[in-house]
Protein chains: 2
Amino acid sequence: MQENREKEDRMVYREKEYKCGIDATLAVVGGKWKASILWHLSQRTMRFSDLQRQFSGTTRKMLTQQLRELETDGLVHREVYPQVPPKVEYSLTAKGTTIIPILDQMCAWAKEYLQ
Amino acid sequence: MQENREKEDRMVYREKEYKCGIDATLAVVGGKWKASILWHLSQRTMRFSDLQRQFSGTTRKMLTQQLRELETDGLVHREVYPQVPPKVEYSLTAKGTTIIPILDQMCAWAKEYLQ
DNA sequence: CTGTATCCCCAAGGATACTG
DNA sequence: CAGTATCCTTGGGGATACAG
């Protein structure tokens, strides 16, 4: 119950305004696969095909889209190796790693209080 | 980087299966207004009309829906006062309060790393 | 005051095919 | 291998009206 909860300062993210940082944060990591992507990348750098395997339930299109947004937000780094066939590796940026502790806590919370 | 990250144990929530607790937690608090609702309720018990005022951008239908789900998940308590006109108060349950520290951290993270 | 019931629309996301 | 382009479907959520 810290007092970092004032709602006076509004946040702006992607043209949209957020009353509190909570919604802004959820806008960044709350995408359908984003949290999971970040979590996996926190363990190791992954190629696009690695991510495809991990998220076998999703399409290339969705995966690409989510990765692009994470990249735009500065959480993920995209490294393209100019070779044929192409090789692209995704990894967390320094900023990206700062969100991981929160994801870890969400994971722990679920284990403790869900099901 | 704790080692509470095994993905062997799957979570089940609302008929759906989640590989890791992160997605399960997001399913609980990631709804469009849920995180904000929880945060406001952590400050004080609120009547339905109070919440309507806070979330002037949403409809009664949505608000009711989100509150019902939070209630079903055991995070929010709904107290109905049998009187006319009706009075209904919403508050956090003990379980509901356990998620607040995570929301606080999301708020802090946004302030630190967004915008 | 605190909801529920209906209708309706649009954009998120899936399937599929094509490309450098 | 790592994407884009296109089409198409679905259901989340808004608007509105009604109700206890």
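Residue numbering restarts at 1 for every chain, and letters A, B, ... go by the order of the sequence lines.
- Contact annotation for Tyr81(B): no contact, since no heavy-atom pair falls under 4.0 Å across all strands.
- Of the candidate nucleotides dT2(C), dA2(D), dA15(D), dA2(D) has the atom lying nearest to any side-chain atom of Pro86(A).
- Nearest-nucleotide mapping onto DNA chain C: of Lys61(B) and Asp50(B), the residue sitting toward the 5' end is Asp50(B).
- Remark: P of dC1(C) and CZ of Phe48(B) are 12 Å apart, rounded to the nearest angstrom.
- Using bins of under 30°, 30° to 60° and over 60° for the plane-to-plane angle, the ring pair Phe48(A)/Tyr90(A) lands in the tilted bin.
- Residue Tyr90(A) places no side-chain N or O under 4.0 Å from the OP1 or OP2 atom of dC1(D).
- With contacts defined as side-chain heavy-atom distances shorter than 4.5 Å, the pair Glu89(B)/His77(B) does not qualify.
- When each of dC1(D), dA2(D), dG14(D) is scored by its nearest atom to the side-chain atoms of Lys32(B), the top-ranked nucleotide is dG14(D).
- The shortest side-chain heavy-atom distance between His40(A) and Leu38(A) does not fall under the 4.5 Å cut-off.
- To the nearest 0.5 angstrom, Leu103(A) atom CG is 4.5 Å from Ile22(B) atom CD1.
- A 4.5 Å side-chain heavy-atom check between Ser42(B) and Thr97(B) finds every atom pair outside the cut-off.
- Remark on DNA chain C: of its neighbouring residues Arg60(A) and Glu89(B), the 5'-side contact belongs to Glu89(B), judged by nearest-heavy-atom nucleotide.
- Side-chain contact between Met106(B) and Leu26(A) is present, with heavy atoms from C-beta onward closer than 4.5 Å.
- With a 4.5 Å cut-off on side-chain heavy atoms, Gln66(B) and Ile37(B) count as touching.
- A salt bridge links Asp50(B) with Arg53(B): the distance from a Lys NZ or Arg NE/NH1/NH2 to an Asp or Glu carboxylate oxygen falls below 4.0 Å.
- Considering only side-chain N and O atoms, Arg47(B) lies nowhere under 4.0 angstrom from the phosphate OP1 or OP2 of dC1(C).
- Within residues 63-75 of chain B, the residues having any heavy atom under 4.0 Å from DNA chain C are, by residue number, Thr64(B), Arg68(B).
- Phosphate proximity of dG3(D) to Arg78(A): present, with a side-chain N or O under 4.0 Å from OP1 or OP2.
- Taking the screw axis at each terminus of the helix from dC1(C)-dG20(D) to dG20(C)-dC1(D) from five consecutive base pairs, the angle between the two is 50° to within rounding of 10 degrees.
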